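Here is the structure we will look at.
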Amino acid sequence: MASLGINLDHVATVRQARRTVEPDPVQLAALAELGGADGITVHLREDRRHMQDRDVELLRHTLRSRLNLEMAATDEMVTTALRVRPHQVTLVPERRQEVTTEGGLDVMQELPTLRQAVERLQGEDIPVSLFVDAEADQLQACRASGARLVELHTGAYANATSPAAELARLQAGTRLAHALGLRVNAGHGLTYQNVEPVAAIPGMEELNIGHTIVARALAVGLTTAVRQMKALIQNPRQHLPAIED
Ligand code: PXP
C-alpha cells in the first residue's frame with residue numbers, strides 16, 4: 001500500500017507572499033502528521049521562493065515522520081543536504097522561470113553531474129531518488145546513476161484529457177524500474193479526483209502530493225485534508241467526502 005508524503009511548499013508560498021512568519025510550514029507539518037502523513041516533502045529552491053533554509057533545518061529536528069528534501073543537483077544544495085541530513089533527497093530539475101517543476105530530469109544528459117551528487121549523498125547514507133518521466137531510457141540512466149529510488153512524474157497523467165495511455169506508461173515504468181532494482185515513488189499534479197489509479201499500481205511505495213491538499217486544507221483544515229487523501233490512497237474506490245464533511 002502506497003504511503004503519503006505531503007509537500008508543504010505552498011504553505012511557504014503563502015507566507016512568502018508577505019515575507020512574514022505565518023503560516024509556518026513547521027507548525028503545519030505537525031498537523032499533517034496528525035492527519036497521517038508518512039513524510040513531509042519540501043523543495044528548497046535556488047531562488048528560495050517558498051521554503052527557506054530555516055524551514056528545512058527546523059523540520060529535520062521537529063518531524064516525527066520523514067523529511068524528503070527536493071533540490072537541484074548543485075554543489076550548494078548537496079552541501080546543504082549533507083549538513084541537514086534529511087531522510088531522503090529527491091533530485092529535481094530546476095528552472096528559475098518555471099511556475100512549478102515542469103518536467104523530469106534528463107538523466108541521460110546530466111548523468112555525470114547526477115552520478116556525482118548521488119555518490120556524495122549516498123556515500124553519507126542519504127538515499128537519493130531521481131524525479132523522472134516514466135521512459136525506459138531515463139530509467140536505465142537512473143540505474144546507471146547509482147540512485148536507489150525514482151519518483152515517476154505524474155504531471156502528464158494529471159493533465160491528460162483521457163489519461164488511460166499515461167496511466168499505462170506509469171504502470172510500465174514502475175515494472176521496468178522494479179526490474180532494474182529501483183524503488184518507485186510518484187507525484188506531481190495528483191488530486192483527490194485522479195489519485196486512486198496511481199495509488200493502485202503494484203509496488204508503488206510513496207505518493208508525494210502538495211497543491212491539492214494545501215488547497216483543500218483552506219476549507220477543511222490540514223489534518224482533515226491529509227486524512228481524506230490517505231483514505232483514498234489506502235482504500236481505493238471509497239467515497240471522497242465533500243468539502244463540508
Ligand atoms: N513531486 C515533485 C518532484 C515535485 O516537484 C512536486 C511539486 O513541488 C510534487 C511532487 C508535488 O506536486 P503537487 O504540488 O502538484 O502535488
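Since this is a predicted model, take the numbers as computed values, not measurements. Below, each value reflects all heavy atoms present in this structure, side chains not excepted, and no hydrogens, waters or symmetry copies.
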task = Report the C-alpha distance between E46 and E94 in whole Å, list the side-chain angles of each, state the deciding distance to 0.1 Å, and finish with yes or no for side chain to side chain contact (heavy atoms under 4.5 Å, CB included).
result = CA-CA 8 Å; E46 197 187 3; E94 205 172 290; 3.2 Å; yes
ask   = Can you list the steps and then say if M51 with D9 is a side chain to side chain contact (heavy atoms under 4.5 Å, CB included)?
value = CA-CA 6 Å; M51 287 294 167; D9 291 350; 3.6 Å; yes
message = Test side chain to side chain contact (heavy atoms under 4.5 Å, CB included) on L69 and T90; report intermediate values, then the result.
response = CA-CA 6 Å; L69 177 60; T90 300; over 6 Å; no
task = Evaluate the side chain to side chain donor-acceptor pair (under 3.5 Å) criterion for residues Q138 and D106: first the C-alpha distance (whole Å), next the side-chain angles of each, then the deciding distance (0.1 Å), finally the verdict.
result = CA-CA 7 Å; Q138 292 294 348; D106 188 342; 3.3 Å; yes
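H153 and F131 have parallel rings, their planes meeting at less than 30° on a 0 to 90° scale where 60° marks the start of perpendicular.
In this structure, L4 and V226 have side chains that are in contact, with non-hydrogen atoms separated by less than 4.5 Å. Put simply, the side chain of M71 does not reach to within 4.5 Å of the side chain of T80, judged on heavy atoms.
Cation-pi geometry between R216 and Y192 is met: under 6.0 angstrom from the ring centre, within 45 degrees of the axis.
Here the straight-line distance linking atom CG of L152 with atom CG of L139 works out to 6.5 Å at 0.5 Å rounding. Separation of atoms CD (E22) and CD (Q27) is listed at 9.0 Å; rounding is to 0.5 Å. Atom OG of S145 is separated from atom CG of L130 by 4.5 Å, given to the nearest 0.5 angstrom. Between the OG1 atom in T41 and the CD atom in Q88 there is a gap of 7.5 Å [rounded to 0.5 Å]. Taking NE2 from H211 and CG from L190, the interatomic distance works out to 13.0 Å, rounded to the nearest 0.5 Å.
E206 and S3 are linked by a side-chain donor-acceptor pair at a separation below 3.5 angstrom, with hydrogens and angles left out of the test.
Looking at residues two or more places apart in sequence or on another chain, you find a side chain to side chain contact (heavy atoms under 4.5 Å, CB included) between P23 and V11, V14, R15, L28.
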